[in-house]
Number of protein chains: 2
Amino acid sequence: MADYEKIKQNVTNGPATIADIAKLAGVSPVTVSRAINTPHLVKPRTLEAIERVIAKTGYVPNLLAGGLASRKTRLIAAIVPSVASTIFAETIEGLNAELVSAGYQLLLGLSGYDASRELELTRAILARRPDGIILTGITHLKETRAMLTGAGLPIVEIWDSTPSPLDTAVGFSHAAVGSLVAGHLLIRGYDRYAQIGANDPRAVQRRDGFVDRLKGIAEVELPELEMNSPSTFRDGRVAMAQLLDKGEGSLGVFCSSDVVAHGALAEAHARGCKMPDDLAIIGFGDFDFAPHTHPPLTTVRIDRRDIGTKAARSILRKIDGDENVEAMINIDFHIVARGTA
Amino acid sequence: MADYEKIKQNVTNGPATIADIAKLAGVSPVTVSRAINTPHLVKPRTLEAIERVIAKTGYVPNLLAGGLASRKTRLIAAIVPSVASTIFAETIEGLNAELVSAGYQLLLGLSGYDASRELELTRAILARRPDGIILTGITHLKETRAMLTGAGLPIVEIWDSTPSPLDTAVGFSHAAVGSLVAGHLLIRGYDRYAQIGANDPRAVQRRDGFVDRLKGIAEVELPELEMNSPSTFRDGRVAMAQLLDKGEGSLGVFCSSDVVAHGALAEAHARGCKMPDDLAIIGFGDFDFAPHTHPPLTTVRIDRRDIGTKAARSILRKIDGDENVEAMINIDFHIVARGTA
DNA sequence: CGAAGGAATGGAAGCGCTTTCATTGTATCT
DNA sequence: AGATACAATGAAAGCGCTTCCATTCCTTCG
């Protein structure tokens, strides 16, 4: 009963603290701290008593105080362009699953494909002193880079590849993807080649890889259309209409995402194009709907979740002081040939 | 140069602190704190000097320390079942946009439709002392409820409606959705009615609303299929096959999500069903692809982003001490009639 | 049985801020 | 010029924990 009174009193003074628990359990605050963080250092009987008090009071340790004192927050921050655009959602799930199982929490920032917003987010995130940070892509403002390297925490860049990451990177070469797609189309052979794409750095790299592979073989047509990332179904449809209106002959098209490809496909379908003979379409991402379009979409498949999982593992190893984490971890990709190419 | 030395020295002692900035700017730490948080209380000349030092050193305030001292973290936590399943992604984007513009940050938890994981997440989140918390749905373990109400912070439950929220709720009645859909099918009139659905609380409510509306008119068939949330394209396809194999006559089907409906649609399409005469399919969510299926999918539309926006506004108002926040904020929904019903 | 050594616990200091209250500076008024 | 008021700044305490070091308690061994 006396216990109960004290607990009740605490409620009025805000949440219970480690000192309250210590008093109720008849030990010192340090012992409570140990019971929570390093229980093997506490005698079983004492431990049990403390745990009982914690359960009874519903005590939840204050990680702000803990983090401040220990300089470890068990927080990992991740900045991705968007979460609504499918492409990064699974990466986040993979990341989160891995982090949670290691006792970490994910702090998410959405940059909207905007470098200066990435900078602001980085600042706001660093203010919370995460134990590590994950960024999407390898192109950042120089202020962002400076701030990041100055903060001296593990960094993982995801969804791209580079020989010189800020710290560690997990991804793949977008130029290689573009090149692979061009090769695939080349085997069949088309009169014209085109690319429909957004303007984010990675989509641009894929386009460049595509164009490079076709250099000297064919000119790659690029619809004149302002397509801001994330690009939409409509973008794809409009761009495809433009392409189809503009010229004759069979056409091989590489789209910067499956969503865009789906739009392009819809336009082609409406016009009765024969795929893949008159027209080939290759998307990117292998989204859920890709096998179910008409005809089913040929696309580039990447294990999006795996990027998250591997990024999490890398950063956790770094946090644990492992010096042997590879600077560049490559993720596989391949073409899933279905009905459109 | 002396400045530079001191800064450099700091780097070796970990990141600069407010005391370092104060020393370099020739003021006391309190003044630096004010320059950052309440600049109008600082004389312009002093302010400028401090800002110059901050810029030069790249100082980033430690929000752990700040939060500990002020008992305000400028953190809002949100627990959603998943981020990969489209349905909540836009809600998160809306939430995030609104929070960021108010100077708050979003801490995301993924429960995977699992109540006990929700409890663990709640504990972990509360340990960071967020200024508010957002939960998906209105069914929680009683330990979760107890912990939440004991923490004494603003709570918003989203994606469902209830006369008695924990604190505030933003959503709609899933039973009403089910009923609306049944009404829509009833006007056309089918020989058989069925529901294909996942087992999460909200999908179940939609089913019950659907069944209730048809009570006394028709028996609702429910495919015998274990469908765990989030349900998949494949679930829908298999369930539809079962339904089609099992009986004769025209069929009206309500699916628990557009993804499931898409799968059901694929099966129906493959069998050459005439829609919407022989078979009607109504989905839920109005996902991006819904207008582009064959035939285009009839579905229930909800402004998913708006739920996030309104939830953020509610919680921010609560934090600001506004007592007049409505306990239940209703979100509109309606049927988008396209080709499948 | 006393010494030695490890297990278990506690005291004190400090993490980097904000809050409260006190002090100093500066302008305004009579 | 002195009183008054407010603007601007600073000193001290404390937020709730962890870390470091010291102390106490057992157990074990010669």
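Each chain gets a letter, A, B and so on, in the order its sequence line appears, and its residues count up from 1. The basis for the numbers below is simple: all heavy atoms, side chains too, and nothing from hydrogens, waters or symmetry mates.
- Rounded to whole Å, the distance from CG on B:L68 to P on D:dA13 is 18 Å.
- Rounding to the nearest 0.5 angstrom, the gap separating the CD atom in B:E157 from the CD1 atom in B:I329 is 12.5 Å.
- Atom NE2 of A:H40 and atom P of C:dT9 are 13 Å apart (whole Å).
- For A:T31, no side-chain nitrogen or oxygen approaches OP1 or OP2 of C:dT9 to under 4.0 Å.
- Atom CZ of A:R45 and atom P of C:dA8 are 13 Å apart (whole Å).
- The nucleotide whose nearest atom lies closest to any side-chain atom of A:R71 is, among D:dG10, D:dT19, C:dG16, C:dG16.
- With rounding to the nearest 0.5 Å, the separation of CD1 in B:I76 from CZ in B:R74 is 9.0 Å.
- No contact: B:P29 has no heavy atom under 4.0 Å from any strand.
- Here the CD1-CG distance, from B:I125 to B:L153, works out to 10.5 Å after rounding to the nearest 0.5 Å.
- With rounding to whole Å, A:I18 atom CD1 is found 5 Å from D:dT18 atom P.
- Residue B:T46 places its side chain closer to D:dT9 than to any other of C:dG10, D:dT9, C:dT9.
- Comparing B:R129 and B:S28 against DNA chain D, the residue whose closest nucleotide sits nearer the 5' end is B:S28.
- We find that B:E48 and B:R45 are not joined by a salt bridge, their nearest charged nitrogen and carboxylate oxygen being 4.0 Å or further apart.
- B:D322 places no side-chain N or O within donor-acceptor distance of the main-chain N or O of B:R317, the cut-off being under 3.5 Å.
- Mapping B:N62 and B:K43 onto DNA chain C by nearest heavy atom places B:N62 closer to the 5' end of the strand.
- Rounding to whole angstrom units, CG of residue A:L63 and P of D:dG16 are separated by 14 Å.
- Between B:R128 atom CZ and D:dG16 atom C1' there is a gap of 15 Å when expressed in whole angstrom units.
- Projected onto DNA chain D by closest heavy-atom contact, B:R34 and A:A69 fall at different nucleotides, the more 5' of which corresponds to B:R34.
- For the pair A:I54 CD1 and D:dC17 P, the computed distance is 10 Å after rounding to whole Å.
- Considering only side-chain N and O atoms, A:S33 lies under 4.0 angstrom from the phosphate OP1 or OP2 of D:dT18.
- For A:Y59 and D:dC17, the OH to P distance is 3 Å, given to the nearest whole Å.
- Considering only the side chain of A:V42, C:dT9 comes nearest among D:dT19, D:dG10, C:dT9.
- In the set C:dT18, D:dC17, D:dT19, the nucleotide with an atom closest to the side chain of B:S70 is C:dT18.
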